[in-house]
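Once you've had a glance at the structure underneath, I'll fire off some questions.
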Amino acid sequence: MSTSTNQYTAKDEVASVFIKRTFLQRSWITLKKAPFTAWLGMTIVLFYVFVAIFAPLIAPYGEAEIFKTPYAPWNETHVFGTDRLGRDILTRLIYGARNTMGIAVLTTLLAFVIGGGLGLLSAILRGWVDQLLARFVDVLMAIPSLIFALMLLSIFGSTALNLIIIIAVLDSTRVYRLSRAVGMNVAVMEYVEAAKLRGEKIGWIMVREILPNILPPLVAEFGLRFCYVFLMIASLSFLGVGIQPPTADWGSMVRETGELIQFAYSFADYQFFLIPILPAAAIGILTIGVNFVVDWFLYLTSGLKDEHK
Amino acid sequence: MHPILSTLIKRIGLGLVSLFFVSLIIFSSIQLLPGDFVEAQLGQSRTEETVAAFRKELGLDKPFHIRYANWVASAVQGDFGSTFSGRSATYANQPQQNTSRTVTSLLKPRLYNTFFLAGMTAIIAVPISLLLGITAALYRNSFYDRAVNASALTTISMPEFFVAYILIIFLGSMYQFFPSLSNVTSSTPFFDRVYLTFMPALTLTLVTVAHMMRMTRAAIINLLSSPYIEMAELKGLSRSRVIIEHALPNAWAPISNIIAFNLAYLIVGVVVVEVVFVYPGVGQLMVDSVIKRDIPVVQGCALVFALTYILLNLIADVISIVTNPRLLYPK
């Protein structure tokens with residue numbers, strides 16, 4: 001049997017028309033077409049993630065290391081000076097990326113596990129389970145979530161674990177609404193029916209049949225919910241009931257250094273107002289970056305792209 | 001019965017039901033405490049007598065449903081109990097000393113301040129955002145529209161305290177136009193109060209205008225794609241007449257919804273802004289009490305916030321039911 005390479009087959013000719021690209025190649029082609037804002041957003045997000053992951057390597061000093069001079073001016077040893085306890089501000093900013101973002105990511109993930117799971121359960125089971133869950137979520141959503149979070153934190157105390165669980169449960173209501181709504185559309189499809197008749201368990205139907213088909217809106221929602229959770233944790237920390245010292249985090253950094261603003265009488269005193277503004281800007285810029293990426297992602301997955309170009 | 005009436009009654013009934021459950025959640029939150037609340041609160045110096053006395057004072061010796069009924073009955077009459085801090089039972093040695101204050105006496109002046117701040121913000125923010133939203137829809141995809149949209153997106157992404165600090169730097173510290181501490185008291189005259197409240201109101205305005213403007217723009221653009229607007233355009237009407245005479249009357253329902261939604265959002269934003277400007281409002285009281293873990297005060301504040309939130313949403317729904325004929329005939 002000879003297997004020479006220049007032998008003609010119809011199959012080869014057909015296959016040669018459609019170049020099979022790897023996942024990486026396809027992603028690169030999509031990325032090349034991405035607008036400037038999307039690139040900007042992705043650069044911002046990747047930069048933050050990089051800083052968060054390699055925080056101990058990048059940071060010049062330890063997270064809670066205390067130096068002799070509190071409120072040291074900006075110089076070579078302390079790029080952004082030190083705070084009122086003499087901790088290096090640049091170091092705390094870098095560690096803040098890790099702590100604030102880490103807690104926000106964990107919270108959002110937990111919210112999606114709770115909200116997404118219950119939402120899909122509602123969509124598949126319908127009936128009284130759905131009614132009960134939906135009404136319960138309605139009631140939870142009738143209380144503003146910041147107020148609810150404040151109340152629960154006053155009862156359980158402000159530890160990082162409590163913070164994650166409380167905000168995740170409150171935020172999962174929004175995820176529940178979305179995943180229930182999009183899950184309902186998929187749950188009535190024939191292949192779901194077929195899976196049910198095959199005798200698949202409910203977990204299989206949720207994860208293998210429905211989830212892959214509702215992934216795009218959920219991923220976009222993940223970005224938006226992350227922004228929301230991130231801002232909420234920052235606000236709570238700013239109010240003094242979120243992430244507790246000595247853990248470095250941006251919200252509480254603004255709170256601790258905010259009083260310096262009163263010494264900024266002109267632009268020459270930039271150090272005074274930039275110290276509290278730096279962590280606050282770090283929060284804002286990440287939110288804008290994520291929003292840019294989510295906008296682009298929504299545009300990609302919404303199916304509108306063909307109409308525009 | 002008239003369909004509009006039954007829809008209204010249904011909606012108001014739903015509001016009452018959610019109010020009931022919200023009050024139940026707020027009340028029972030104290031039961032969720034891990035361990036014995038009284039013993040934890042009294043700490044090391046507790047004796048058996050003080051524990052029993054404190055338990056009785058809180059009414060914890062009665063069953064749950066009776067306590068809930070009592071709490072609701074007194075809350076309806078404006079009595080939210082008294083604060084934990086300074087309770088006689090917490091002083092083991094001098095039981096006659098009781099410096100505890102009623103929650104209502106703390107809440108009342110602050111409630112007025114918070115509503116003053118929220119009201120002032122609404123008076124500034126609502127007309128501005130409607131104007132911006134309508135003009136942005138009118139000149140959509142123009143440079144003006146893009147500029148307004150981009151700045152709105154930026155303000156939305158910023159935490160409230162960031163906006164507040166930027167304003168303090170420029171208006172309070174570098175150029176001292178307005179005070180950056182809004183320490184109003186009940187005896188402050190009206191115009192001084194407006195002057196002192198200006199910075200927090202401006203912060204809240206910036207944050208809410210962005211939301212409201214974007215939603216107004218979206219609501220109007222959504223309407224502009226409907227056939228009757230195309231008809232009006234084909235008749236040769238000018239763009240402003242199409243928007244003001246044809247689109248706007250149908251946009252009132254979504255717009256009223258947007259306004260109410262954002263006033264409800266103000267209630268949440270108020271907490272952070274009050275803390276930044278040390279404004280004596282309910283939000284600040286709540287944050288202080290959360291740090292002190294003074295549960296009756298937290299419960300009172302949470303109830304007030306939740307009540308306002310539910311009421312505003314209810315009003316918005318009622319307005320959209322009344323102004324939108326399509327809602328009269330549900331499927």
Side-chain angles (χ1 to χ4, degrees), chain A residues 37 135-136 138-158 227 230-232 234-236 238-241 250-251 254-255 258 260-267 269-270 272-274 276-277 279-292 295, chain B residues 14-15 17-22 24-26 29-30 32-34 37 153-154 156-166 168-170 172-174 176 180 264-265 267-269 271-272 275-276 283-284 286-287 289-295 297-299 301-302 304-306 308-310 313:
Chain A
T37 49
R135 292 293 85 78
F136 183 65
D138 282 348
V139 172
L140 282 190
M141 285 175 86
I143 309 177
S145 46
L146 185 71
I147 304 297
F148 209 162
L150 277 175
M151 196 181 79
L152 292 177
L153 282 172
S154 78
I155 291 163
F156 293 109
S158 315
C227 287
F230 183 67
L231 284 179
M232 180 131 129
S235 300
L236 286 173
F238 173 76
L239 295 175
V241 293
W250 292 331
V254 179
R255 170 196 175 80
L260 288 178
I261 277 186
Q262 57 187 315
F263 301 115
Y265 293 115
S266 69
F267 278 102
D269 307 324
Y270 63 93
F272 287 120
F273 66 78
L274 274 184
I277 287 302
I283 297 166
I285 291 172
L286 177 65
T287 326
I288 295 177
V290 175
N291 267 320
F292 278 156
D295 266 0
Chain B
L14 205 66
V17 169
S18 58
L19 195 60
F20 166 72
F21 279 107
V22 164
L24 198 63
I25 288 178
I26 291 176
S29 58
I30 197 170
L32 295 172
L33 263 180
F37 173 74
L153 192 68
T154 319
I156 289 174
S157 307
M158 298 295 173
E160 283 102 350
F161 52 82
F162 183 67
V163 180
Y165 274 146
I166 295 274
I168 291 184
I169 289 171
F170 287 109
S173 186
M174 277 193 204
Q176 297 174 350
S180 40
Y265 176 82
I267 294 171
V268 183
V271 178
V272 174
V275 171
V276 175
Q284 213 201 14
M286 184 165 184
V287 172
S289 317
V290 167
I291 293 170
K292 281 191 282 182
R293 301 185 76 172
D294 201 332
I295 311 258
V297 188
V298 175
Q299 280 179 328
C301 296
V304 166
F305 277 128
T308 329
Y309 194 73
I310 293 174
N313 279 321

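A, B, ... follow the sequence lines: proteins, then strands. Residue 1 opens every chain.
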Closest approach of Ala142(A) to Val22(B) (non-hydrogen atoms, all atoms of both residues)
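Nearest pair, atom of Ala142(A) first, then Val22(B): CB-CG2, 3.9 Å.
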
Side chain, backbone, both or neither: which part of Asp138(A) has a heavy atom under 4.5 Å from chain B?
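For Asp138(A), neither part sits under 4.5 Å from chain B.
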
Mind checking whether Phe238(A) and Phe161(B) have parallel, tilted or perpendicular rings, split at 30° and 60°?
parallel

Interface moiety of Val241(A) toward chain B, non-hydrogen atoms closer than 4.5 Å
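Interface part for Val241(A): side chain.
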
Of all the heavy-atom pairs spanning Glu160(B) and Ser235(A), show the shortest one and how long it is.
OE1-OG, 4.2 Å

Within the structure provided, determine whether Ile277(A) and Phe162(B) are in side-chain contact (heavy-atom separation under 4.5 Å).
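They are in side-chain contact.
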
Residue from Asn313(B), Ile169(B), Val272(B) scoring the most non-hydrogen pairs under 4.5 Å with chain A is Ile169(B)

Can you confirm whether Tyr309(B) sits close enough to Ile143(A) that some side-chain heavy atom of one is under 4.5 Å from a side-chain heavy atom of the other?
no

Search all heavy atoms of Leu231(A) against all heavy atoms of Ser157(B) and return the closest pair with its distance.
CD2-O, 4.0 Å

Max heavy-atom pairs within cutoff under 4.5 Å with chain A, candidates Val271(B), Val17(B), Ile168(B), goes to Val271(B)

Check whether Leu140(A) gets within reach of chain B through its side chain, its backbone, both or neither, counting any heavy atom under 4.5 Å.
side chain

Relative to chain A, which of Tyr165(B), Phe21(B), Phe305(B) shows the most heavy atom pairs under 4.5 Å?
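Option with the greatest count: Tyr165(B).
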
What are the two closest heavy atoms between Pro144(A) and Ala306(B), and how far apart are they?
CD-CA, 4.2 Å

State, yes or no, whether a side-chain contact exists between Phe148(A) and Ile25(B) at a heavy-atom distance under 4.5 Å.
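In short, these two side chains touch, coming nearer than 4.5 Å.
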
Passes side chain to side chain contact (heavy atoms under 4.5 Å, CB included), Ile283(A) versus Met158(B)? Steps please.
CA-CA 7 Å; Ile283(A) 297 166; Met158(B) 298 295 173; over 6 Å; no

Structural part of Phe170(B) lying under 4.5 Å from a heavy atom of chain A:
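For Phe170(B), the side chain is the part near chain A, not the backbone.
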
Do you know which two heavy atoms are closest between Met151(A) and Met286(B), and how far apart they sit?
N-CE, 4.1 Å

Value rounded to 0.5 Å, distance of OG in Ser18(B) from CZ in Arg135(A)
10.5 Å

Contacting region of Leu239(A) [heavy-atom separation from chain B under 4.5 Å]
both

